[in-house]
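In what follows, a single structure is set out as structure tokens and then discussed.
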Amino acid sequence: MAKINVQQTAITLLKVNEQDYISLTDIARHKSDDPTAVIGNWMRNRNTIEYLGIWETLYNPGFKPLEFDGFRKEAGLNAFTLSPQKWINTTGAIGIVSRSGRYGGTFAHKDIAFKFASWISVEFELYLVKEFQRLKEQEQAQIGWNAKRELSKINYRIHTDAIKQNLIPQEITPAQASRIYANEADVLNMALFGMTALEWRDKHPDLKGNIRDYASINELICLSNMESLNAAFIQDGIPQRERLIRLNRIAIQQMQVLEDLTGGRELLK
């Protein structure tokens, strides 16, 4: 579950079959302390029934049109009432779901939730859409960061393989080999970040992880390139000092290019 804040109202979101659903219960609380009554009043409206039926017809092969027609004919009558659970059980609807428990309530597909929010308040709907879009942008940024992080891990494997094949003698202990790997990793850290992994940890004692866990997307892109280049430099027999100088120059150049491309923003795609 995720949460967004819309005009001082906390709105819960969850994934249902990889689709975004938004809490109607939370939206209704913006209008009343009795969200169940608010949702019930909305659902008994003829326009609401029509909209829900069209949505289900478009996206739900298992929707029951005959049962829907029955609700549509009754909608608007004084005695007509409709709850989310009754709608779901009778028509096989999937656009609205009910969850029990501490984090339960009535949730609806974002298309339906935005429609409900508009019924509550047009202003509230606009703020809801704005905050929802902001959340989606953050999620896409995180996906992009994770993809670049995975690419960096793959190139790091290429890098360590080059070290193993060219820099580590056969008869050394695992501890000695680890020091060689760490030393070469710090060549990249020095070239890009200007400090070793140990220097970073000493400078940030309260942070968990390592220097690369806190790299920006642009830095991860550059690091990924440098790992491949350093692997090639190692295989060519270039001394470490010369490799460090070359890699530092490349890092400066590539980071400048990335900054120019993104106008100071991180490259997300």
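Note that the structure is predicted; figures quoted are calculated from it, not measured. If you read the sequence from its start, that first residue is 1, and numbering goes on from there.
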Could you walk me through whether Thr90 and Lys64 pass the side-chain contact (heavy atoms from CB on, under 4.5 Å) test, one step at a time? CA-CA 8 Å; Thr90 305; Lys64 301 174 182 178; over 6 Å; no
For the student: nearest non-hydrogen atoms of [X] and [Y], plus distance:
X: Ile27; Y: Ile22; value: CD1-CG2, 4.0 Å
X: Gly92; Y: Asn60; value: O-ND2, 2.8 Å
X: Gly53; Y: Phe68; value: CA-CE1, 3.5 Å
X: Asn230; Y: Arg243; value: OD1-NH1, 3.0 Å
X: Leu244; Y: Val187; value: CD1-O, 3.4 Å
X: Arg212; Y: Leu220; value: O-CD2, 4.1 Å

Taking C-beta and beyond as the side chain, do [X] and [Y] meet within less than 4.5 Å on heavy atoms?
X: Gln19; Y: Ile94; result: no
X: Thr25; Y: Arg29; result: yes
X: Trp87; Y: Leu52; result: yes
X: Ile112; Y: Tyr51; result: yes
X: Phe132; Y: Asp20; result: yes
X: Thr91; Y: Glu56; result: no
X: Leu82; Y: Thr48; result: no
X: Lys31; Y: Ser121; result: no

From [atom1] ([X]) to [atom2] ([Y]), nearest 0.5 Å:
X: Ser98; Y: Phe107; atom1: OG; atom2: CZ; result: 9.5 Å
X: Glu227; Y: Leu223; atom1: CD; atom2: CG; result: 4.5 Å
X: Leu128; Y: Ile4; atom1: CG; atom2: CD1; result: 5.0 Å
X: Glu123; Y: Gln7; atom1: CD; atom2: CD; result: 4.5 Å
X: Ile120; Y: Ile39; atom1: CD1; atom2: CD1; result: 8.5 Å
X: Thr36; Y: Asn41; atom1: OG1; atom2: CG; result: 11.0 Å

Would the number of heavy atoms belonging to other residues, nucleotides or ligands and lying under 6.0 Å from [atom1] of [X] be above 12?
X: Lys208; atom1: NZ; answer: no
X: Asp202; atom1: CG; answer: yes
X: Arg249; atom1: CZ; answer: no
X: Lys3; atom1: NZ; answer: yes
X: Asp33; atom1: CG; answer: no
X: Gln85; atom1: CD; answer: yes

State plainly whether one hydrophobic cluster holds both [X] and [Y], where clusters connect Ile, Leu, Val, Met, Phe, Trp and Tyr through side-chain heavy atoms under 4.5 angstrom apart.
X: Leu207; Y: Ile211; answer: yes
X: Leu77; Y: Ile49; answer: yes
X: Leu188; Y: Ile238; answer: yes

Would a distance-only check, ignoring hydrogens and angles, find a side-chain to backbone donor-acceptor pair under 3.5 Å from [X] to [Y]?
X: Asn45; Y: Trp42; result: no
X: Arg46; Y: Arg72; result: yes
X: Asp26; Y: Thr12; result: yes

Pair Phe233-Glu242, side-chain contact (heavy atoms from CB on, under 4.5 Å): steps then yes or no: CA-CA 9 Å; Phe233 292 163; Glu242 184 178 343; over 6 Å; no
Which is it for Ile11 and Glu131 under the side-chain contact (heavy atoms from CB on, under 4.5 Å) test, yes or no, and what are the steps along the way? CA-CA 10 Å; Ile11 308 294; Glu131 288 303 308; over 6 Å; no
Can Lys203 and Glu199 be counted as an ion pair, charged N to O under 4.0 angstrom?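 Judged by the 4.0 Å cut-off on N to carboxylate O distance, Lys203 and Glu199 do not form a salt bridge.
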With a 3.5 Å cut-off and no angle check, do the side chains of Gln240 and Asn183 form a donor-acceptor pair?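 Yes, a side-chain donor-acceptor pair sits under 3.5 Å.
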Assess, by modelled atom type and distance only, whether the side chains of Asn189 and Trp200 contain a donor and an acceptor separated by less than 3.5 Å.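 Checked: Asn189/Trp200 side chains show no N/O donor-acceptor pair below 3.5 Å.
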Parallel, tilted or perpendicular, as decided by the 30° and 60° cut-offs, for the rings of Phe116 and Trp119: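 Correct class here is parallel.
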